J.: 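Before I ask anything, here is the structure I am working with.
Throughout, a chain's letter reflects where its sequence line sits, starting with A, and its residues are numbered from 1. As the structure is a prediction and not an experimental result, all values here were calculated from the model.
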Amino acid sequence: MAVRLSPKAGIKADQAAADQPDGLPGLLLGWYDQHRRVLPWRFAPGEVADPYRVWLSEIMLQQTTVATVGPYFQNFLGRWPTVKDLAAADLDDVLRAWAGLGYYARARNLHKCAIVVASQHGGRFPDTEEGLLSLPGIGAYTAAAILAIAFDKPATAMDGNVERVMSRLRAVTDPLPASKPILRAHAAALVPARRPGDYTQALFDLGATICAPRKPRCILCPWTAACEARKQGIAEDLPAKTAKAPKPTRRALAFVLSDVRGLVALRRRPEKGLLGGMMEVPTTPWEAGPVPSLATARSHAPLPGVDWTLLPGSVRHTFTHFEFEIRVVVGRAAGAGGGADLLWVAPDALEAQALPTVMIKILRHALYQRADG
DNA sequence: GAGTCGTGGTG
DNA sequence: TCACCAAGACT
């Protein structure tokens, strides 16, 4: 584990200055010592880093904003303070705690990874790239981030921030993702032998607060004098990216079924694929083309013989690679329960289920539509 | 290399 | 409103 060195850590100023790298890394670290963001998973200068917290935060932060992750990280750390606690948890509890955060394969891999670390590594995370890469859910970026932040090793963590900063600093105009190798080479050449963990986090802060995707604040940047894109006036145009394919729309009819007690019928999705392992409202298949009529869709209903009512309006939700439009029908089951694969849940208990956001939207539409008008 | 995989914030 | 983006991994 790494103890970070900085002037605030009680080390004499001249000693800290001698410890500071030269050139661009030194400039960035000097800026970081003054402007470093305080984040729930971040360790104070001089504090011993806990690889479990570093790992947990890095998994949550994959393609997810700092603001969104904050409460989830605190909740996970409170419920499962160590990797052994998380390994001993039920997967369904982990999925429930993850609900709303998205990319649910991360939660399944998180749990798998905790079990491997607890059972095969004595509860300690590996401190080598090879060891980390062998763990589920840890790829090139996360392995490097853990090496740098948790173990203070000079690894090159390439994420969207670093790609953007490097493309601007070196004025790389070739579009992503083809330009990844050259951007990585630029980044690797700068990682200092001293304080690589702080340097890595400093680069994240720089990308988040100064070298932002839009309207970079070059005036405040510690690297402004060296930035090639700023000199050329093209900083805001970088990094270039190849055009993305347009998003198709898929549509479906959702069946919100209640029984005589008012309990709502949910079912579990398959382990793999979209929203894998999460709970859902029964729907027709999600397909291109118009929302199927109730007559056409009846064979997909969770129970036969139910009198379905089509609600006005529709629910829209955007996934990474398609738009989703849902019409909602509501119905009342004749008795209590029924349907082998159905889980009957009281409306008050819906929040405690492993329900992805799109399903929350559908349920909200069905349960409050008439009250809201 | 190209798809798949969520969600919320922002200009 | 809408397109883009966020501490990517996996197949």
Side-chain angles (χ1 to χ4, degrees), chain A residues 37 39-42 53-73 95 98-110 112-113 132-150 155-165 175-181 187 197 199-209 211-216 236-237 239-248 250 269-278 280 286 316-324 354-361:
Chain A
R37 291 192 293 174
L39 300 172
W41 46 86
R42 191 167 273 181
R53 294 197 212 178
V54 175
W55 163 73
L56 179 61
S57 68
E58 288 301 335
I59 300 298
M60 288 185 167
L61 285 163
Q62 289 168 5
Q63 297 293 285
T64 310
T65 58
V66 162
T68 300
V69 165
Y72 284 89
F73 177 83
L95 289 177
W98 195 277
L101 203 49
Y103 286 134
Y104 298 99
R106 290 185 297 172
R108 300 192 296 276
N109 283 331
L110 185 85
K112 272 189 212 168
C113 182
L132 289 167
L133 284 176
S134 72
L135 295 170
I138 297 182
Y141 162 77
T142 304
I146 293 173
L147 284 176
I149 299 170
T156 306
M158 291 302 295
D159 75 328
N161 286 305
V162 182
E163 287 176 353
R164 183 171 59 257
V165 171
L176 286 167
S179 60
K180 279 176 184 284
Y199 171 83
T200 299
Q201 295 177 89
L203 217 37
F204 298 158
D205 280 11
L206 189 74
T209 64
C211 198
R214 282 171 290 190
K215 297 189 177 182
E236 196 162 5
D237 302 325
K241 298 192 177 182
T242 56
K244 301 172 185 174
K247 283 184 185 180
R250 299 182 196 172
R269 293 180 60 83
E271 287 301 312
K272 298 203 169 188
L274 184 71
L275 308 178
M278 303 294 285
E280 70 170 0
W286 306 8
R316 293 187 156 279
H317 190 78
T318 304
F319 288 93
T320 306
H321 52 295
F322 66 93
E323 294 284 336
F324 192 29
L355 283 166
T357 297
V358 61
M359 297 301 157
I360 298 287
K361 287 186 184 177

J.: Looking for any heavy atom pair under 4.0 Å, which part of the strands does A/Trp98 touch: base, sugar-phosphate only, or nothing?
T.: nothing
J.: Determine, using ring centers only, whether A/Phe319 and A/His317 are less than 6.0 Å apart.
T.: yes
J.: Which residue lies toward the 5' end of DNA chain C, A/Lys241 or A/Leu135, if each is placed at its nearest nucleotide?
T.: A/Lys241
J.: Checking contacts here: which listed nucleotide (C/dG8, C/dC4, C/dA7) is nearest the side-chain heavy atoms of A/Thr142?
T.: C/dG8
J.: Rounded to the Å, how far apart are A/Gln201 CD and C/dA7 P?
T.: 13 Å
J.: Give the rounded distance in Å between these two atoms: CZ of A/Arg42 and P of C/dA7.
T.: 11 Å
J.: First locate atom CD1 of A/Ile59, then atom SG of A/Cys113, and finally report the distance between them rounded to the nearest 0.5 Å.
T.: 6.5 Å
J.: Give a yes or no answer on whether the side chain of A/Arg250 reaches the backbone of A/Phe322 with a donor-acceptor pair at less than 3.5 Å.
T.: no
J.: Using side-chain heavy atoms (C-beta onward) and a distance below 4.5 Å, is A/Gln63 in contact with A/Thr320?
T.: no
J.: Base, sugar-phosphate, or nothing: which does A/Ala140 touch, judged by heavy atoms less than 4.0 Å apart?
T.: sugar-phosphate
J.: Figure out the CG/P separation between A/Leu110 and C/dA9, and round it to whole Å.
T.: 13 Å
J.: At under 4.0 Å between heavy atoms, how does the protein contact nucleotides 2-8 of chain B? Give one character per nucleotide, 5' to 3', with B, S or -.
T.: --SBBBS
J.: For A/Pro71, enumerate each residue passing the side-chain contact (heavy atoms from CB on, under 4.5 Å) test, keeping only those at least two apart in sequence or located in another chain.
T.: none
J.: May I have the distance from A/Lys215 (atom NZ) to C/dC5 (atom P), rounded to whole angstrom?
T.: 15 Å
J.: C/dA9 and B/dG8: how far apart are their P atoms, nearest whole angstrom?
T.: 22 Å
J.: In whole angstroms, how far is the P atom of C/dA7 from the CZ atom of A/Phe204?
T.: 8 Å
J.: For the atom pair CG (A/Asn161) and CG (A/Leu206), what is the distance rounded to the nearest 0.5 Å?
T.: 8.5 Å
J.: C/dA6, B/dG11, C/dA9: which one has an atom nearest the side-chain heavy atoms of A/Arg164?
T.: C/dA6
J.: Which distance, rounded to the nearest 0.5 Å, do you find between the OG1 of A/Thr200 and the CG of A/Asp205?
T.: 11.5 Å
J.: May I ask you to say what A/Leu39 touches in the nucleic acid, namely base, sugar-phosphate or nothing, with a heavy-atom cut-off under 4.0 Å?
T.: base
J.: Find the distance A/Lys112:NZ to C/dA9:C1' and express it as a whole number of Å.
T.: 12 Å
J.: Figure out the CE/C1' separation between A/Met158 and C/dA9, and round it to whole Å.
T.: 16 Å
J.: How far, in whole Å, is B/dG3 from C/dA7 if one measures between their P atoms?
T.: 24 Å
J.: Between atom CD1 in A/Ile59 and atom P in C/dA7, what is the gap in whole Å?
T.: 15 Å
